[in-house]
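So the structure is just underneath, and the comments pick up after that.
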There are 2 protein chains.
Amino acid sequence: MNFPKRKQKIIEQLSQTGEVDIKQLAAELNISEITARRDLNQLAADGLLYRTRGGATKVNPHEKPHSFVNKSAQNAAVKDAICRRAASQISDGDIIFMDCGSTVFRLCQFIKNKKIKVITNSLPVVYELQDSAVSVNIIGGELDKERQAVHGTTAIEHIQKYRATKAFLGVDGISEAGLFANSEHEASITTAFAASSAFTYILCDISKISKETYLNFAGLDIINAIITNADPERLKGFKESGIVILKADI
Amino acid sequence: MNFPKRKQKIIEQLSQTGEVDIKQLAAELNISEITARRDLNQLAADGLLYRTRGGATKVNPHEKPHSFVNKSAQNAAVKDAICRRAASQISDGDIIFMDCGSTVFRLCQFIKNKKIKVITNSLPVVYELQDSAVSVNIIGGELDKERQAVHGTTAIEHIQKYRATKAFLGVDGISEAGLFANSEHEASITTAFAASSAFTYILCDISKISKETYLNFAGLDIINAIITNADPERLKGFKESGIVILKADI
DNA sequence: TCATTATTAATCATAAACGATCAAAAAGAA
DNA sequence: TTCTTTTTGATCGTTTATGATTAATAATGA
């Protein structure tokens with residue numbers, strides 16, 4: 001058992017239990033206590049843990065692990081159907097905005113070979129389009145680790161400098177009262193994208209339709225179309241407000 | 001059994017079991033231990049594995065969803081020594097710039113628990129810092145897929161809006177004539193970072209010292225310090241220009 | 001307060017691994 | 001073939017990782 005391997009084990013246990021004990025470490029890794037001690041000293045010197053008497057603890061004990069839950073795999077079939085419909089709206093030469101919605105993310109797989117420019121604040125989108133024909137432009141600014149996306153005033157200013165032919169955005173809820181979001185950050189990004197885009201699509205599955213949650217940040221007038229799997233019958237109200245309804249058949 | 005064939009076998013076993021042992025390798029491939037040692041050293045210099053005493057281990061112990069092709073694993077030991085020295089210059093509260101240099105990338109592992117802000121144009125840096133205590137700010141603009149970093153006029157303007165206490169940057173070459181880069185994009189980013197930072201460190205291993213390549217984009221006056229593993233004796237000229245030399249002891 | 005105990009740093013010892021150097025063998029070029 | 005270059009192996013002094021020992025230091029409790 002060499003140092004890199006031990007280091008890995010130590011860091012692993014530390015992140016799980018929050019602390020390690022020299023005696024227990026020595027026993028577990030089949031090394032002498034002094035070697036365990038030396039390992040911990042080395043890792044402490046590199047700032048990877050805090051040395052305590054007889055062991056070590058995490059540097060940031062109360063730090064909540066930024067858990068980016070990738071919701072995009074939930075109801076993948078429905079989301080893919082919506083995204084296929086969305087991708088069919090995109091032609092070569094388009095400049096498109098994509099936000100950090102979980103449905104929007106699944107659009108990536110369908111546009112990899114298109115000759116378009118994508119402007120996005122979503123890191124997963126950037127990663128996914130890394131090996132693609134698409135030219136990528138990243139919105140700059142502060143990174144929201146939980147959402148894996150960029151937000152803040154710098155991001156807004158950045159968006160305002162660009163103009164897109166189409167925007168593909170997600171929302172936390174949409175009703176005849178307009179668009180709803182669970183965070184102000186997300187709301188301002190959505191508003192900025194919509195304002196700088198010639199045509200704005202909202203991608204949402206049936207669970208978001210008629211859902212009113214937290215912040216009603218904009219009216220329906222800032223968007224042009226909804227792509228969803230919901231029955232168009234349920235969407236009559238939107239149609240009457242001039243919104244184009246595109247049904248994704250599953 | 002020639003080197004390319006052995007290399008393939010070694011990499012294969014490494015990806016399966018995560019580690020190789022020199023004795024076992026020598027026996028298995030019918031070569032002497034010293035040849036096995038030489039093979040591993042070669043592969044370590046190329047960044048294909050990490051050398052340990054008596055063997056080698058994988059570069060990426062856990063499979064990550066996205067992998068960045070990275071020169072940063074090449075000569076990892078030297079780069080780590082430089083980065084340890086660099087990390088020791090960083091205190092909580094600092095706002096630091098990091099560019100897309102391969103040495104700079106390895107600084108991430110030593111700053112994960114620091115309470116600092118990092119502003120960067122490098123995607124691998126962003127990815128590496130996503131589960132850290134560090135607050136991350138991404139430079140916005142066009143993504144250079146080859147370098148996995150953001151560049152362009154938007155990026156420059158973004159950088160100019162921020163002020164950092166320290167910048168940690170890489171170069172393709174440095175001599176008493178100044179800084180050298182292999183691309184204009186990279187040069188302009190480096191210049192912008194240095195201009196907006198109170199103190200600028202260049203991280204470079206000995207191979208970059210006195211190397212003059214392609215574009216001499218700036219004089220030594222835009223930087224404040226060099227962190228390197230090169231012998232300070234060779235760096236007298238820099239010292240006379242008022243550059244602080246920090247020797248990384250390996 | 002002091003005494004007891006556990007932990008640590010410092011020092012040393014040892015075996016394994018290492019780099020440097022040179023020689024032999026293999027491969028390639030003239 | 002002969003010469004040169006590259007690869008491989010052997011030898012040997014040096015370095016490194018590890019563990020044992022012991023004195024110093026810090027925590028704990030009476």
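Below, all heavy atoms of this structure are taken into account, side chains as well, without hydrogens, waters or symmetry copies.
- Checked against side chain to side chain contact (heavy atoms under 4.5 Å, CB included), B/Ala26 has the following partners two or more places apart in sequence or in another chain: B/Glu33.
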Side-chain donor-acceptor contacts of residues 7-14 of chain A below 3.5 Å, not counting sequence neighbours, with atom names and distances?
{"from": "A/Gln13", "atom 1": "OE1", "to": "A/Gln24", "atom 2": "NE2", "distance (Å)": "3.1"}
{"from": "A/Gln13", "atom 1": "NE2", "to": "A/Gln24", "atom 2": "OE1", "distance (Å)": "3.2"}

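- In this structure, B/Thr200 contributes its side chain and B/Ala167 its backbone to no donor-acceptor pair below 3.5 Å.
- Scanning for ring-ring contact (aromatic ring centres under 6.0 Å, His included) contacts around B/Phe180 gives an empty result, with sequence neighbours left out.
- Closest of all the heavy-atom pairs between A/Pro124 and A/Phe105 is O-CE1, 3.4 Å.
- Five base pairs at each end of the helix from C/dT1-D/dA30 to C/dA30-D/dT1 define two local axes, and these are offset by 30° (rounded to 10°).
- Under the 4.0 Å criterion applied to side-chain N and carboxylate O atoms, A/Asp46 and B/Arg84 are assigned as salt-bridge partners.
- Contacts between chain A and DNA chain D, taken as any atom within less than 4.0 angstrom of a protein heavy atom, begin and end at D/dT18 to D/dA27.
- Residues meeting the salt bridge (Lys or Arg N to Asp or Glu O under 4.0 Å) test with A/Lys117, sequence neighbours left out: none.
- For DNA chain C, the residues of residues 31-51 of chain B within the heavy-atom distance limit of 4.0 Å (strictly under) are B/Ile34, B/Arg37, B/Asn41, B/Arg51, sorted by number.
- Within residues 2-25 of chain B, the residues that place at least one heavy atom under 4.0 Å from DNA chain C are, in residue-number order, B/Ile22, B/Lys23.
- A donor-acceptor contact closer than 3.5 angstrom is absent between the side chains of A/Thr35 and A/Arg6.
- Residues that satisfy the salt bridge (Lys or Arg N to Asp or Glu O under 4.0 Å) test with B/Lys114, not counting sequence neighbours, are absent from this structure.
- Taking the side-chain hydrogen bond (donor to acceptor under 3.5 Å, both in side chains) definition, one finds that B/Asn60 meets it with nothing, sequence neighbours left out.
- One atom, CZ of A/Arg53, and another, C1' of C/dT7, lie 4 Å apart when rounded to the nearest Å.
- Partners of A/Asp80 by salt bridge (Lys or Arg N to Asp or Glu O under 4.0 Å), not counting sequence neighbours, listed by chain and number: A/Arg106.
- Here salt bridge (Lys or Arg N to Asp or Glu O under 4.0 Å) pairs that include residues 160-179 of chain B, with residues two or more places apart or in two chains, are A/Glu157-B/Lys161, B/Asp94-B/Lys166.
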